[in-house]
There are 2 protein chains.
Amino acid sequence: MPGTKASTAAEARDQDRRKTILRAAVEVFARKGYHGCRIADVAREAGVAYGLVYHYFKNKEELLQLVFETGWGGFMSRIRDAAEANAPLEQKIRRIAQVAFEAYRIDPRGVRVLVLEFARSPSTGEANRRTAFAEVLGVITRMFERARARGELRAGLEPALCAAMLFGSVEMSLTGFVMGLLDPRESGLLAHAQEQLTSLFLDGARATPEDGRWKKDRSAPRLKTVKRS
Amino acid sequence: MPGTKASTAAEARDQDRRKTILRAAVEVFARKGYHGCRIADVAREAGVAYGLVYHYFKNKEELLQLVFETGWGGFMSRIRDAAEANAPLEQKIRRIAQVAFEAYRIDPRGVRVLVLEFARSPSTGEANRRTAFAEVLGVITRMFERARARGELRAGLEPALCAAMLFGSVEMSLTGFVMGLLDPRESGLLAHAQEQLTSLFLDGARATPEDGRWKKDRSAPRLKTVKRS
DNA sequence: TCCGGCGCTGACTTTCGAGTCAACGAGGGG
DNA sequence: CCCCTCGTTGACTCGAAAGTCAGCGCCGGA
């Protein structure tokens with residue numbers, strides 16, 4: 001039936017347009033932040049007319065809401081996969097770190113939006129960000145509860161606080177990268193970050209009595225200080 | 001000289017007014033966030049006329065800037081004291097945690113503003129928050145560098161990443177409290193938080209041998225479940 | 001080639017809040 | 001007791017950006 005075919009093709013083009021605009025929104029959002037983001041900018045970035053944005057999205061809020069949901073949804077599902085995997089705690093934590101830093105490597109701009117803008121901006125009021133944090137922290141808390149039940153967690157540690165600390169570590173590290181306070185190019189810091197995060201979280205920062213023990217042969221133990229002024 | 005006396009008294013009253021408005025600004029800011037904050041709200045909260053705000057402050061930006069500087073400045077100087085104290089790493093970390101959680105206990109509203117609004121909102125554009133984060137992370141990074149030089153830090157840990165993880169842990173825990181995801185009243189969680197943060201950061205989350213021994217077979221390809229239940 | 005619909009356009013309207021300013025009145029000095 | 005100063009007031013101006021809409025022109029079909 002031609003009608004179906006045509007309408008299908010039309011719908012496909014529609015979706016393309018939507019995606020174009022959405023991608024442009026991410027771009028502008030990453031560059032100028034939530035407040036500095038004007039619909040006119042999004043339209044220009046997408047190469048479409050101002051009014052068209054309102055054809056595809058009810059208003060600015062809905063647009064930004066969708067930008068967020070897309071990005072956050074993807075991130076969340078990966079985190080959830082990692083946290084709910086059937087694996088030892090160590091592997092789960094490593095995977096969580098991996099999800100985060102890999103996301104940054106692949107799409108720094110998208111991470112920037114999530115970490116710096118969405119996580120704290122009143123887009124749909126506060127409910128949104130509150131829900132988002134509650135979601136991650138909830139998932140990770142449950143991971144630690146299970147770990148505790150299995151005896152993988154050191155005694156006396158409150159799962160909810162562990163979750164806050166783990167996610168906080170991840171998030172602030174990403175913030176450091178995103179803001180340029182940590183330089184990803186420097187001595188493979190980005191690659192190192194994932195392993196250090198896992199290691200520090202599991203075994204702590206304290207020097208061991210027999211310090212000098214290494215899990216793995218690493219060639220360059222000396223890293224120049226990464227400090228931005 | 002009466003003139004001096006009068007002008008002094010006048011100046012004192014001036015400062016009172018300024019403080020009243022500043023305090024009102026913190027209030028409104030905590031309640032409605034940076035974006036929802038209108039000068040009209042601040043004026044109403046302070047019980048003064050709209051125009052008077054502009055007598056005491058150049059513009060909205062300056063007003064909010066001062067709100068931040070006051071709060072952040074106090075926080076920073078305490079953190080700096082803790083990080084630069086002449087004490088073992090463990091004590092410094094404990095003090096940093098203490099500064100944060102104590103601040104929350106005393107003035108949740110102020111912490112709310114700092115943690116949820118200031119830390120991530122484009123107030124004076126981005127420069128502000130970038131500077132703020134750079135400042136804390138810089139101070140804490142230096143703390144870890146000194147610790148490493150003294151042999152207090154486990155080998156292979158990058159100070160800048162340690163700093164991001166420590167501060168991230170603190171910040172996300174506070175976020176949890178501020179957002180009500182962590183309940184401070186619950187079994188003394190607030191008091192516990194400080195100790196757990198220190199303990200976990202220094203010694204890790206991994207169960208100790210007496211908790212039940214786990215081996216970390218990183219390279220084992222078996223993703224199959226670990227039998228312990 | 002002509003027609004008709006609709007995706008698309010961007011100028012216009014509306015809304016909203018920052019920042020201004022002319023005037024008011026309390027209170028102190030002459 | 002009056003006037004003058006200046007802190008204070010809040011209605012107004014102005015600009016910026018969200019959101020609307022009347023019509024244009026592209027494209028597919030006749």
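If you're wondering where the values come from, they're calculated on a predicted model, not measured in any experiment. Per chain, numbering begins at 1; letters A, B, ... match sequence-line order.
- Distance alone, capped at 3.5 Å, is enough to place a donor-acceptor pair between the A:Ser169 side chain and the A:Met165 backbone.
- As rounded to whole Å, 11 Å separates atom P of C:dG19 from atom CD of B:Glu62.
- Straight-line distance from the CG atom of A:Leu52 to the C1' atom of C:dA11: 16 Å, rounded to whole Å.
- Per the geometry, CD belonging to B:Gln15 stands 13 Å off P belonging to D:dG7, to the nearest Å.
- Rounded to an integer number of Å, the gap from B:Lys32 NZ to C:dG17 P is 9 Å.
- If you measure from atom NZ of A:Lys60 to atom C1' of D:dA16, you get 11 Å, rounded to the nearest angstrom.
- The main-chain N or O of A:Glu27 is never found under 3.5 Å from a side-chain atom of A:Arg109 such that the two would form a donor-acceptor pair.
- Nearest to the side-chain atoms of B:Arg38 among the listed nucleotides C:dA18, C:dG10, D:dA18 stands C:dA18.
- Judged purely by atom type and a 3.5 angstrom limit, B:Lys60 uses its side chain to pair as donor or acceptor with the backbone of B:Cys37.
- The distance between atom OH of B:Tyr54 and atom P of D:dT13, rounded to the nearest whole Å, is 17 Å.
- For A:Phe68 and A:Phe29, the gap between ring centers reaches or exceeds 6.0 Å.
- Taking the ring centre of B:Phe57 as origin, the terminal cationic atom of B:Arg18 falls inside the region bounded by 6.0 Å and 45° from the ring axis.
- With the nearest nucleotide of DNA chain C identified for both B:Lys58 and A:His55, A:His55 has the one nearer the 5' end.
- Per the geometry, CG belonging to B:Asp16 stands 15 Å off C1' belonging to D:dG7, to the nearest Å.
- Counting only heavy atoms from C-beta on, A:Arg17 has its side chain closest to C:dC8 among D:dG10, C:dC8, C:dT9.
- Put simply, CG on A:Leu63 is 16 Å from P on D:dA17, counting in whole angstrom units.
- The residue B:Ile39 sits close only to the backbone: its heavy atoms come under 4.0 Å of sugar-phosphate atoms, none of a base.
- In the set C:dG19, C:dT9, D:dG19, the nucleotide with an atom closest to the side chain of B:Tyr50 is C:dG19.
- Within the 4.0 angstrom heavy-atom criterion, only backbone atoms of the sugar-phosphate kind lie near A:Tyr56; the bases stay farther away.
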